[in-house]
2 protein chains.
Amino acid sequence: MARWHEVAQALREAVTAGTYPPGTKIPTEDQLEEQFACSRTTIRRAVAQLTAEGLVLPVRRGGTTVREHPERQPFALDTHVYRDELGYYFSRTVQDLRPVQPPTVGQGPCPPDVVALLGLQTGELVIIRDRVMGEPETGRVVQLATSYLPADLAAGTVLAEADTGSGGIYDRMEGELGWGPLDWHGVIAARAASADEARLLRLGPGVPVLTVTRTAIATAGSAEGRVVEVNVTRRDASRFEVRYPIRRDV
Amino acid sequence: MARWHEVAQALREAVTAGTYPPGTKIPTEDQLEEQFACSRTTIRRAVAQLTAEGLVLPVRRGGTTVREHPERQPFALDTHVYRDELGYYFSRTVQDLRPVQPPTVGQGPCPPDVVALLGLQTGELVIIRDRVMGEPETGRVVQLATSYLPADLAAGTVLAEADTGSGGIYDRMEGELGWGPLDWHGVIAARAASADEARLLRLGPGVPVLTVTRTAIATAGSAEGRVVEVNVTRRDASRFEVRYPIRRDV
DNA sequence: CAGTGGTCTAGACCACAAC
DNA sequence: TTGTGGTCTAGACCACTGA
C-alpha cells in the first residue's frame, strides 16, 4: 500500500475516532511530515484525499480544519409543485434559506451541459439568473441556483430584469407572456465542484456536489413546446441528500 | 492563475474541442511536460484534476485515455415497487444489467454510515450481500449493490445463504419469516468513490459516485418495526443521473 | 507580519500491463 | 521486455490571511 494511503487512513481514523473533533485543526503539514516521517509531498497527497472526501478543509494560514460531518440533511425531492399567492414552490421547505447576496442577472454564452436541454446551438446567448442562498443565522452559503433562459425568448422581457415581480418568473411566463401552463421535470446528478462552486460553498477542489436540474417547458403561446428555463441547483454532496418514499403499486 | 490550472484548462478545451476524441489517448506525461514547458509534477496535477472530473482515465503503461462522455444515462427513480411471479422490482429496467461475478455473501462489521440506518451499535455484525453488475455485451462493470442485514435477525436463516431462492430476500422476509408487508424508502446522495469502488468501476480516485440507498422496514412478526435491510447501489456519477417527473398539485 | 497551505522544480525508483 | 503512469524525496519560493 502506498505511503500516502497509509497516512490518509491513519488521519481518517484519527478524525472518526475523535482525536481531532469537528471544528478543530489537524497538525500542520510540517508537523505531520515529522510525525509520519515522510516528505511533505506525501502528506499533501494524503490530505488532498481527505479533502476530496469532504472530511477536512485546508485554509491558507488558517490550518486544516476537520469539517462538521453530521448526518446528511434532507433535501426534499420536489416531485410536486405547489402554488400559493406568492408563487410556485417545488419543495416544502426543509431548511430555511435566504439570499446571501442580491440575485444577479446577466447574459452570456450557454454552458455546454445546458445547451442540449434548452435545444439551442453551441455559443448561443442565454439569460443567466444567479442566486446564492445561505443559512439565515450564520450566512453560511449552502446552495447555489442558476437559471438559464433562451435569450431569443427572454431578452427584452421582464424575465431579463432583476426584479421579476410578485410570483417570480413562472407567474410572468404563465401570465403576461401566455406560455402556460408550464410542464416541469427534474434530474438529480452529481459531479465534481467547479472552482467557483468550491469557493462559494467552501469546499475543497474536486469535492462532489449534488445537482438538481429542473426544466420548464411551455405548452402554449409563442414559446409552445420550447424549453423556456433550465434551473440548476447545487449543494455540497457530503452534507445533503434527496429522500423519497417508495409506494407499493401491487 | 496557477500553472496547473492553465494546463488543465488547455487539456480540457482540447478534449471538448475534439483534438483528443473519446477513446483516444492524450500525450504521455513526458510529452506534455515538453509541450507545456513545465515539470512533470505540474502536468500530473493537471491530469489529476481532469481525472477527478471524469474526463480522462489514466492507466499504467496504457497511457491516459479520454473517456466516453455521452449524455448521462437515466437511472430511473424507484418511487414505486412492482411485483410479479419472479419477485419485487424497484425500477422499470432502463438498461439491462447482468451479474459480472456471482453474488457474494459474508458476515462482517457494519460500515459507519449504515449503523444508524439499521439501528445497531458500532461494531455489531451484519450479513453483507454483494452484487457486481455490468453491461451484458461488454461485461463492463457499471453498478455495485450491497445489502446489509442485521446479523441478529438474518444469521442462520435463508437470508444468509448464497441462494435465497425464487423471488429473493423480500419474498423470504414476507413469506417464511412473516415480517411483511415491508415498507421501503429511498435516499439519493453522492460521495467520492472508495478505493474499491474506483477499482471495480474503473474510476480515478476521488471521482464522485451516485448512491441510491433503499431501506426496508418490517411491519409484522419478530422483526416488527426493525430495519431489516439496507441496500446501497452505486454508479459512476459522470455517466448516470436520476430522472423524475414533477406533478402539479394545484 | 509571519506562518500556513499552494505551487513548482528536478530527479529518482518502482510496479504494472501492453506490446 | 519496456514504456507508462504511480510514488516519493528535498528543496525552494509564493500568496494569502488569521493571529
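Scope of the values below: all heavy atoms of this structure, side chains included, with no hydrogens, waters or symmetry mates. Source: prediction; values computed, not measured.
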**Student:** To the nearest Å, give me how far apart CZ (A/R61) and P (D/dC14) are.
**Tutor:**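 Answer to the nearest Å: 18 Å.
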**Student:** Measure CD1/B/I43 against C1'/C/dC8 and give the value in whole Å, please.
**Tutor:** 12 Å
**Student:** Taking only the side-chain heavy atoms of B/T28 (C-beta and beyond), determine which of C/dT9, C/dT4, D/dT4 contains the nearest atom.
**Tutor:** D/dT4
**Student:** What does B/V59 touch in the nucleic acid at a heavy-atom separation under 4.0 angstrom: a base, only the sugar-phosphate, or nothing?
**Tutor:** sugar-phosphate
**Student:** Does a side chain donor of either A/T146 or A/R234 reach within less than 3.5 Å of an acceptor in the other side chain?
**Tutor:** yes
**Student:** Rounded off to whole Å, could you give me the NZ-to-C1' distance for the A/K25 and C/dT4 pair?
**Tutor:** 11 Å
**Student:** Whether B/E241 and B/R243 form a salt bridge (side-chain N of Lys/Arg under 4.0 Å from carboxylate O of Asp/Glu) is what I want to check.
**Tutor:** yes
**Student:** Name the closest nucleotide to the B/R40 side chain, picking from C/dA18, C/dA12, C/dT9.
**Tutor:** C/dA12
**Student:** Atom CD of B/E34 to atom C1' of C/dA10: distance rounded to whole Å?
**Tutor:**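 Taking atom C1' of C/dA10 as the reference, CD of B/E34 is at 15 Å.
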**Student:** Give the nucleotide from the list D/dG6, C/dG5, D/dA10 with an atom nearest to the side chain of B/R44.
**Tutor:**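 Among the listed nucleotides, the one closest to the side chain of B/R44 is D/dG6.
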**Student:** Whole angstrom is fine here: how far is it from CZ in A/F36 over to P in D/dT9?
**Tutor:** 13 Å
**Student:** Where the side chain of A/T64 is concerned, which of C/dC8, C/dG5, C/dT7 is the nearest nucleotide?
**Tutor:** C/dG5
**Student:** Rounding to a whole Å, what distance do you find between B/E29:CD and D/dG5:C1'?
**Tutor:** 5 Å
**Student:** Report yes if a side-chain nitrogen or oxygen of A/T42 is closer than 4.0 Å to either non-bridging phosphate oxygen (OP1 or OP2) of D/dT9; otherwise report no.
**Tutor:** yes
**Student:** Is any side-chain heavy atom of A/L200 closer than 4.5 Å to one of A/L144?
**Tutor:**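 The answer is yes; the side chains approach within 4.5 Å.
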**Student:** Nearest whole angstrom, please: distance from the C1' of D/dG5 to the CD1 of B/I26.
**Tutor:**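 So the CD1-C1' distance, B/I26 to D/dG5, works out to 11 Å.
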**Student:** Run the salt-bridge test on B/R45 and B/E29 with the 4.0 Å N-O cut-off and return the result as yes or no.
**Tutor:**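 Salt bridge flag = no for B/E29 with B/R45.
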**Student:** Indicate whether OP1 or OP2 belonging to D/dT7 is found under 4.0 Å from a side-chain N or O atom of A/T41.
**Tutor:**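 A/T41 to D/dT7 OP1/OP2: no side-chain N or O under 4.0 Å.
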**Student:** We want to know whether B/D196 and B/S194 form a side-chain donor-acceptor pair, criterion being a heavy-atom distance below 3.5 angstrom.
**Tutor:** no
**Student:** Between atom CZ in B/R45 and atom C1' in C/dT9, what is the gap in whole Å?
**Tutor:** 16 Å
